[in-house]
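The structure under discussion appears below in the form of structure tokens.
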Number of protein chains: 2
Amino acid sequence: MARKTGSHSEITGPRIKQAALELFARHGFAAVTMRQIAANVGVQAGAIYNYTSDKQALLFDLLDGHMADLLSKWSAELVPVDPIAALDHFVAFHLDFHIKRPELVFISYMELRNLTEVNFKAIVEKRRIYEKIIYNLILSGVVAGDFRVPDPKITSLALIALLTGPVDWFREDGRLTSDELTRKYCALTRQTLGVSAQA
Amino acid sequence: MARKTGSHSEITGPRIKQAALELFARHGFAAVTMRQIAANVGVQAGAIYNYTSDKQALLFDLLDGHMADLLSKWSAELVPVDPIAALDHFVAFHLDFHIKRPELVFISYMELRNLTEVNFKAIVEKRRIYEKIIYNLILSGVVAGDFRVPDPKITSLALIALLTGPVDWFREDGRLTSDELTRKYCALTRQTLGVSAQA
DNA sequence: ATGTTAACTGAACACACGTTCAGATCAATC
DNA sequence: GATTGATCTGAACGTGTGTTCAGTTAACAT
């Protein structure tokens, strides 16, 4: 009945998402038009509506997919029991995941306000879950006596800000390799959490 | 000739800037219309053009004024020679300045891309100057042997990210007073820069 | 070769945008 | 009280917006 092989839909669909992502990141959701997205794919604006219900859904699917990806990838990780080793593991994971997706990270921070209330709450809930992960990680280190921090809750928020910062300036072809970046940020993070200096 | 006292221009002008600031921060530059700004002031859209050449100038004046304010206020500070004391001083200054202006901080990060190239370069140059301040501060502490950091350049960027984070979540009527926030972030910053634990 | 249908075009829709400007308004001056 | 000029209104302008949809195209099944 329906044609399968060579179907354009399996190509055009992802290309629309990719074009939307790049344009939203560069110009902002409100400044991007459906015609711009279509032009980037090589199609007319009307064709986009075969793949998304409206412009809002285009944004939400990007953000929700990003957060779902983050949480599921962390769930698949094997995390050491020792708090210091677990911290290093988290730092490496967080940096790697975020550095590979600068556009998604950017619009996840910037374009939340362009979501409808329902969509907004869905994203914020996923973000809350992620913040809880690092909070628990810090707490277990404090309890174990490995970390010494002024305030676990604040420190967890500060740590996320600290660890997400490189997204703004890190370039794969820059002065640092991603391995060096990870090493330096592991050291920086240990100091921030008051891990006594050794090993 | 011209009326002076009771002139509306001295009231309407600042009110337009204020309304633009609030709306840009809440909805984003591209999503805000001149009619919305005018409505917030209680005026018709055309009246705005008595106070600004166009929408772009409205944004630029906000951002440029913000950065000029930041640099001039820092220049007016009396900074201790001792690196650790200077660091504490900077942390307190940075937190205080940024926490009092959450909307300006927000749009200074978000709306840079909506500036024309000329306006963009003007803002980035002022930002570069500010980054240099904290970089030099770290460097002098490293040279003096007070700080121990994996990489001064990276640390300076990480520190700005760390210290600007509270803008996203700090509330004057929240769990912490701004004094407590400053104390906790001074401690956190000292640890991040590897200041040996004492005093 | 024919029929079917997913995929897309191109034009249209109602509406909103930034900006302009002739004219109304009114506080300050003479 | 008449004049002046800064301040603002209200309507208009050209253009662009998200979205819809009847109709065209082309890849598949038969």
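None of these values were measured; they are calculated from a predicted model. Each chain gets a letter, A, B and so on, in the order the sequences are listed, and its residues count up from 1. In what follows, every heavy atom counts, from backbone to side chain, and hydrogens, waters and symmetry copies are set aside.
- Look at A/Tyr49 and you won't find any side-chain N or O under 4.0 angstrom from OP1 or OP2 of D/dC21.
- A/Leu21 places none of its side-chain heavy atoms less than 4.5 Å from the side chain of A/Arg101.
- In this structure, a donor-acceptor pair under 3.5 Å is absent between the side chains of B/Asn40 and B/Glu22.
- Atom pair B/Lys55:NZ and C/dT19:P shows a separation of 8 Å (rounding to whole Å applied).
- Between A/Tyr130 and A/His94, the distance from one ring center to the other falls under 6.0 angstrom.
- Aromatic rings of A/Tyr109 and B/Tyr109 (six-membered ring for Trp) have centroids within the 6.0 Å cut-off, being under it.
- Phosphate proximity of C/dG10 to A/Gln44: present, with a side-chain N or O under 4.0 Å from OP1 or OP2.
- B/Val41 comes within contact range of no nucleotide atom at all, as no heavy-atom separation falls under 4.0 Å.
- For the pair A/Ile11 CD1 and C/dA6 P, the interatomic distance rounds to 18 Å; values are reported in whole Å.
- Residue A/Arg15 contributes atom CZ, which lies 15 Å from atom P of C/dA7 at whole-angstrom precision.
- Nearest nucleotide to the A/Tyr51 side chain, out of C/dA7, D/dT7, C/dC17: C/dA7.
- Toward the 5′ end of DNA chain D lies the nearest nucleotide of A/Arg35, the other residue of the pair A/Ala47 and A/Arg35 mapping further downstream.
- Within a 6.0 Å radius of CD in B/Glu117, other residues, nucleotides and ligands contribute 12 heavy atoms or fewer.
- Taking atom CD1 of residue B/Ile37 and atom C1' of nucleotide D/dC8, one finds them 17 Å apart after rounding to whole Å.
- Checking the phosphate oxygens (OP1, OP2) of D/dT7, no side-chain nitrogen or oxygen of B/Thr12 falls inside 4.0 Å.
- When the P atom of C/dC17 is taken as reference, atom CE of B/Met34 falls 12 Å away, rounded to whole Å.
- One interatomic measurement links the two molecules: CD1 of A/Ile48 to P of D/dT17, which rounds to 12 Å at whole-angstrom precision.
- The side chain of B/Asn50 has D/dT7 as its nearest neighbour among D/dG18, D/dT7, C/dG18.
- Between the CD1 atom of B/Ile16 and the P atom of C/dG18 there is a distance of 14 Å, rounded to whole Å.
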